[in-house]
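In what follows, a structure is listed as structure tokens, so that the remarks can point back to it.
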Amino acid sequence: MTEYNPLKIEQKWRDRWEKEKAWNVDLKKAKKPYYNLMMFPYPSAEGLHVGNVFTFTGVDIHGRYMRMRGYDVFEPMGFDAFGIHSENFAIKQGTHPQKETEKNISHFREQLKNMGAMFNWDHEVDTSKPEYYKWTQWLFLQLYKAGLAYRAKAPVDWCEGCKTVLADEQVISGKCERCGTDVIQKELEQWFFRITKYAERLLGNLDKLDWSEAVKVAQRNWIGRSVGTELEFRIKNLESRIKIFTTRPDTLFGATYLVLSPEHEHVPSFMFQVSNRKVVEKYIGASKNKTELERTDLAKEKTGVELKGVTAINPANNEEIPVWIADYVLSNYGTGAIMAVPAYDERDMEFAKKFKLPVSDAPLVDKEEIVSRVGGEKKVNYHLRDWLISRQRYWGPPIPIIYCNACGVVPVPEKDLPVLLPYVENFRPTGTDKSPLANVEEFAKTTCPKCGGEAQRETDVSDTFLDSSWYFLRYPSTEFDDKPFDEKITKKWLPVSMYIGGKEHSVLHLMYARFVTMALEDMGYFDFQEPFLKFRAHGLLIKDGAKMSKSKGNVVSPDEYFDAYGADVMRMFLMFLGPYEFGGDWRDEGIAGIARFLKRVWTLSLKLKIENEKRKAIDKNLKSHTNGLEKLTHKTIKKVTEDIEKLQYNTAIAGLMEYVNTLTRYTIYDIRYTEILLKLLAPFAPHLAEELWHEALGHTTSIHSEPWPTYDPEKIIEEKVQMVVQVNGKVRGEIEVDADASEDMVKNIALKDEKVRKWLDGEPKKVIVVPWRVVSIVT
RNA sequence: GCGUCCGUGGCGGAAUUGGCAUACGCGUAUGGUUUAGAGCCAUAUCCUGUAAGGGUUGCAGGUUCAAAUCCUGCCGGACGCACCA
């Protein structure tokens, strides 16, 4: 009998599958389309790590299972190749991002092929290729036409490490999501997408989505809907009024001062009136130079300065109250100004104490009444900000806009797309507020598409997250070079049937993709608002308690495991590690257990072949175990099926192990059971299952095109059931009863049981029978 | 501070959702096969006790015939948001 040689059989089947294009689906003719999507990787120089394999294996098992359930499963793969990460790495290496990316992608592709997943390589996407980013630019233009892309001067987050501005979502606790540098504020003219216009819809639709609850909660929090009131405070001796936003108009009588953010629009006009002008100007200047972290750190003491000579009037009681400037009030939320009610707000109290401001504990009043009396206006605010998409970097799609001296802002005509990213040697960030492309004259200088006059190109590129906000629309339509996505194909394949990815994208990619989809739907490109009807977050595979990353030096490559054990063992081992949706700490201690298991399957199946050839009578044990085994078979099908549906791969594998243990223990070589075993195993260990399906069972077609085994619920029903008997909460005996025995019958059997009687003293007070489980006796 | 989740053997983790806690696997021990090792096979493996028994799911209570599971309060850990008015 031949030894199980995983490397040999895996190579053999991968070659054959590739040759036969086994995983391609006819996208036009497919009857039961199932779009099985995973978040595409960024092709890092370190190559694929075990965390990627963990993630993709889980998705692939789902896809293979759905395929056996009769669906036409489309499982594409691609590369999120543009972006600061690739560019930074090229800078470090002294190479060029384009060369670096090409090299990394081909390495990644080879590694991915070793996984034995059913990726459809004919539909590969690479976001850094002109044939892709042409359509990213097209998307920008559509958003521009729809009034959803605008250019504005605003205080924006700037990362000095990455030398670019960042979107709100890419600032984590005041630090850059990429490099961890403290983010500072700059006043710059930048391109934004009006995602806030969709705040209400992004929030409302969440209820309808079948998504991991944690991700929905994160999105709800990020959108941060808050219902309140806008009130106006008059300024004494001046025409101007200050608008504030509050969720507590009922505390208006207790408002003893106003606080404006340093960037508040009215501040300059107050300066003529202010007696301590120098101090105020100094304060405003200082807060400008603070990093986001310094401004928002809760541990820091609040700072502020009074606008001496400016007095506001509380509309509730007409009392004169002072006006302060403090940077704990944010300019980009609400109206950038608040009424301070120290008696009812901790932060205001802290501030009032420090600066010895009066505190009034005026009682609360009726909300509705006070709002109508002082003329307040109901207002909904969101934490969500518009999506800043300009990046002062090189490795991204140029924003397709031209500035004409005569015509102003002119979008690049669609026929002129793509605006090619020029290959330049000096691609390094400039550190000014301009992209390195600004120094490339042949690129920057152009003519106006409208008037033909002299014009300048926009030299910023767009955010990487724009590339990934629509890649799932491109996958099925990669063969079309005259449109981003084909109408018919899109109608057939979208929305995505199942999307699996990391929680870290809860408010980044997943929010952006939803926004882009909604915007395109509004433009009439298709008729669905939500791109991913079902989303599941997988767990994160970490190493020594930390996320795998090159900087920490804890990246584990799958290659040595593929070489030593083969892909099937690696796949199953990763899935057996723990619940897929939890992830865990990587260690390879138990991998031998999976190797042993697959070897046992191998031996079992080949012995079956030998026994069949000899035409020998099946082992005499078989007869006596047939009944029990048939039951176990149906139970195993049920368990594995249900566990796969719930992405609980670890317990599905445990179920398969128990099944194999039983088959081995009783040396049962029966083709019916082996066929079922191999089918249940096929999504997990696709190569081994295929090899044995052909070589041991003699089939000539692929096991991966076989229908998934079904179980008969009738066959699982037991005729006899074991029940535990408890006396006063302690297990004192075990009885076997007919499955359909009545409660009284069970009760009688339990009370007659010898072991149980030892613990009984006279008549029991109470007997509770839980059918099929337990008899509980209270004395 | 707010939100979400978690705490079970030496280790990764199971537990039909309130019904025999520790499935499955790792590791370990003993035995078998073997010149030897590797491998494979068998048996054992929560604690305590010779045994009958008793105890055990981070800690302390509570509800219940019955709690890893529900409730309350602590302790510890992970993640997300965070001066959002």
Side-chain angles (χ1 to χ4, degrees), chain A residues 3 172-174 212-222 224-226 228 244-248 251 259 295-300 302 326-330 332-341 344-348 350-351 381-385 503-504 506-507 539-540 542 545 573 576-579 581-594 596-597 599-600 603 635 638-639 642 648 650-658 660-661 664-665 722-734 758 764-779:
Chain A
E3 283 274 313
I172 312 293
S173 303
S212 299
E213 200 51 39
V215 175
K216 290 210 249 182
V217 168
Q219 291 214 352
R220 274 187 206 113
N221 289 343
W222 186 261
R225 186 177 197 269
S226 164
I244 61 99
F245 175 74
T246 178
T247 54
R248 296 291 308 276
T251 65
V259 190
R295 270 189 73 158
T296 57
D297 191 350
L298 269 159
K300 294 260 162 61
K302 291 187 181 12
D327 61 13
Y328 80 89
V329 173
L330 307 173
N332 53 1
Y333 184 77
T335 61
I338 61 157
M339 64 176 199
V341 191
Y344 297 103
D345 187 290
E346 262 180 61
R347 296 154 304 177
D348 296 344
E350 190 196 324
F351 192 79
N381 265 319
Y382 299 93
H383 168 242
L384 184 71
R385 306 284 145 79
K503 298 188 227 316
E504 67 272 22
S506 298
V507 293
L540 198 62
I542 55 174
F573 175 62
F576 192 55
L577 224 43
E581 293 185 75
F582 280 44
D585 211 31
W586 162 262
R587 76 229 156 256
D588 58 11
E589 273 118 36
I591 197 163
I594 295 288
R596 268 198 278 273
F597 166 69
K599 202 181 266 183
R600 269 210 294 276
T603 310
K635 274 187 180 166
K638 181 173 194 278
K639 177 164 182 58
E642 288 174 356
Q648 285 164 6
N650 57 331
T651 51
I653 292 170
L656 286 170
M657 285 172 167
E658 281 183 75
V660 171
N661 286 348
T664 313
R665 189 164 302 136
Q722 310 284 325
M723 288 178 70
V724 162
V725 185
Q726 294 182 345
V727 180
N728 293 331
K730 297 235 179 277
V731 178
R732 297 302 186 190
E734 199 175 307
K758 276 205 305 196
K765 273 190 200 143
K766 200 171 169 189
V767 179
I768 296 152
V769 178
V770 184
W772 294 42
R773 305 230 193 286
V774 75
V775 182
S776 188
I777 302 167
V778 189
T779 61

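Residue numbers start from 1 in every chain, and the chains themselves are labelled A, B, ... in the order their sequence lines are given, proteins ahead of strands. Excluded from the calculations below are hydrogen atoms, water molecules and symmetry mates; all remaining heavy atoms, backbone and side chain alike, are included.
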Send over the distance from [X] [atom1] to [N] [atom2], rounded to a whole Å.
X: A:Phe597; N: B:C40; atom1: CZ; atom2: P; answer: 14 Å
X: A:Ile172; N: B:C79; atom1: CD1; atom2: C1'; answer: 12 Å
X: A:Asn221; N: B:C79; atom1: CG; atom2: P; answer: 17 Å
X: A:Asp585; N: B:G12; atom1: CG; atom2: P; answer: 9 Å
X: A:Asn332; N: B:A85; atom1: CG; atom2: P; answer: 13 Å
X: A:His383; N: B:G3; atom1: NE2; atom2: P; answer: 17 Å
X: A:Glu346; N: B:A82; atom1: CD; atom2: C1'; answer: 14 Å
X: A:Lys216; N: B:C5; atom1: NZ; atom2: C1'; answer: 17 Å

For A:Ile768, answer base if it contacts any base atom (sugar-phosphate contacts may also be present), sugar-phosphate if it contacts only those atoms, and nothing otherwise; contact means non-hydrogen atoms under 4.0 Å.
base
Would you mind reporting whether A:Leu577 and A:Arg587 have side-chain heavy atoms less than 4.5 Å apart?
yes
Do A:Met657 and A:Ile594 have side-chain heavy atoms sitting under 4.5 Å apart?
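Yes; the side chains approach each other to less than 4.5 Å.
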Please answer whether the main-chain N or O of [Y] pairs with a side-chain N or O of [X] as donor and acceptor at a distance below 3.5 Å.
X: A:Gln648; Y: A:Pro579; answer: no
X: A:Asp348; Y: A:Val341; answer: yes
X: A:Thr335; Y: A:Ala337; answer: yes

Show me the protein contacts with nucleotides 50-55 of chain B, counting only N or O atoms at under 3.5 Å.
| from | atom 1 | to | atom 2 | distance (Å) |
| --- | --- | --- | --- | --- |
| B:G54 | OP1 | A:Arg732 | NH1 | 3.3 |
| B:G54 | OP1 | A:Arg732 | NH2 | 2.9 |
| B:G54 | OP2 | A:Arg732 | NH1 | 3.3 |
| B:G55 | OP2 | A:Lys730 | NZ | 3.2 |

Taking atom [atom1] in both [N] and [M], what distance in whole Å separates the two?
N: B:G62; M: B:U57; atom1: P; answer: 15 Å
N: B:U17; M: B:A68; atom1: C1'; answer: 12 Å
N: B:A21; M: B:A38; atom1: P; answer: 39 Å
N: B:A67; M: B:C59; atom1: P; answer: 15 Å
N: B:C71; M: B:U63; atom1: P; answer: 15 Å
N: B:U8; M: B:U43; atom1: C1'; answer: 26 Å
N: B:U56; M: B:C41; atom1: P; answer: 38 Å
N: B:C75; M: B:A85; atom1: C1'; answer: 34 Å

Distance in Å, A:His383 NE2 paired with A:Tyr333 OH, rounded so as to fall on 0.5 Å steps:
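One finds 8.5 Å between NE2 of A:His383 and OH of A:Tyr333.
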Could you tell me the separation between the CH2 atom of A:Trp222 and the CZ atom of A:Arg385, rounded to the nearest 0.5 Å?
8.0 Å
Can you list the residues that meet the side chain to side chain donor-acceptor pair (under 3.5 Å) rule with A:Arg732, with sequence neighbours excluded?
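A:Arg732: no side chain to side chain donor-acceptor pair (under 3.5 Å) contacts found.
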With syn defined as a glycosidic torsion within 90 degrees of 0 and anti otherwise, which applies to B:G12?
anti
Within 90° of 0 counts as syn, otherwise anti: where does B:U17 fall?
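That one's syn.
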Between A:Glu213 and A:Arg220, is there a salt bridge with N-O shorter than 4.0 Å?
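Answer for the salt bridge query: yes.
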Given [options], which nucleotide is nearest the side-chain atoms of [X]?
X: A:Arg596; options: B:A14, B:A85, B:C40; value: B:C40
X: A:Arg600; options: B:G25, B:A85, B:C26; value: B:G25
X: A:Ser776; options: B:U4, B:G12, B:G19; value: B:G19
X: A:Val770; options: B:C6, B:G19, B:U4; value: B:G19
X: A:Val778; options: B:C65, B:A85, B:C41; value: B:C65
X: A:Val329; options: B:G19, B:A82, B:A85; value: B:A85
X: A:Lys766; options: B:C65, B:A82, B:C6; value: B:C65

Counting only Watson-Crick and G-U wobble pairs with both atom distances below 3.5 Å, the stems of 3 or more consecutive pairs that include RNA chain B are B:1-7 with B:75-81, B:10-12 with B:24-26, B:27-33 with B:39-45, B:46-48 with B:53-55, B:58-62 with B:70-74
Answer yes or no: does a side-chain N or O of A:Tyr333 lie under 4.0 Å from OP1 or OP2 of B:A85?
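Yes, within the criterion.
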Would A:Met339 and A:Thr251 count as a side chain to side chain contact (heavy atoms under 4.5 Å, CB included) here? Give the steps.
CA-CA 10 Å; A:Met339 64 176 199; A:Thr251 65; 3.6 Å; yes
Nearest-nucleotide comparison on RNA chain B, the residue closer to the 5′ end among A:Asn381 and A:Leu577:
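Nearest nucleotide further toward 5': that of A:Leu577.
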On RNA chain B, check which nucleotide each of A:Met339 and A:Trp222 is closest to and give me the residue with the more 5' one.
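Nearest nucleotide further toward 5': that of A:Trp222.
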N/O contacts under 3.5 Å, protein versus nucleotides 20-24 of chain B?
| from | atom 1 | to | atom 2 | distance (Å) |
| --- | --- | --- | --- | --- |
| B:A23 | O2' | A:Glu658 | OE2 | 3.3 |

What closest approach, in Å, do A:Lys503 and A:Glu581 show between heavy atoms, and which atom pair accounts for it?
NZ-O, 3.5 Å
When you look at NZ of A:Lys216, are more than 12 heavy atoms from neighbouring residues, nucleotides or ligands closer to it than 6.0 Å?
yes
Counting only pairs under 3.5 Å, give me each side-chain donor-acceptor contact of residues 768-779 of chain A, with atom names and distances, residues two or more places apart or in other chains.
| from | atom 1 | to | atom 2 | distance (Å) |
| --- | --- | --- | --- | --- |
| A:Trp772 | NE1 | A:Ala739 | O | 3.3 |
| A:Thr779 | OG1 | A:Asn728 | ND2 | 3.0 |

Mind checking ring pair (Phe, Tyr, Trp, His ring centres under 6.0 Å) for A:Tyr328 and listing every partner two or more places apart, or none if nothing turns up?
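Counting only residues at least two positions away or on another chain, A:Tyr328 forms a ring pair (Phe, Tyr, Trp, His ring centres under 6.0 Å) with A:Phe351.
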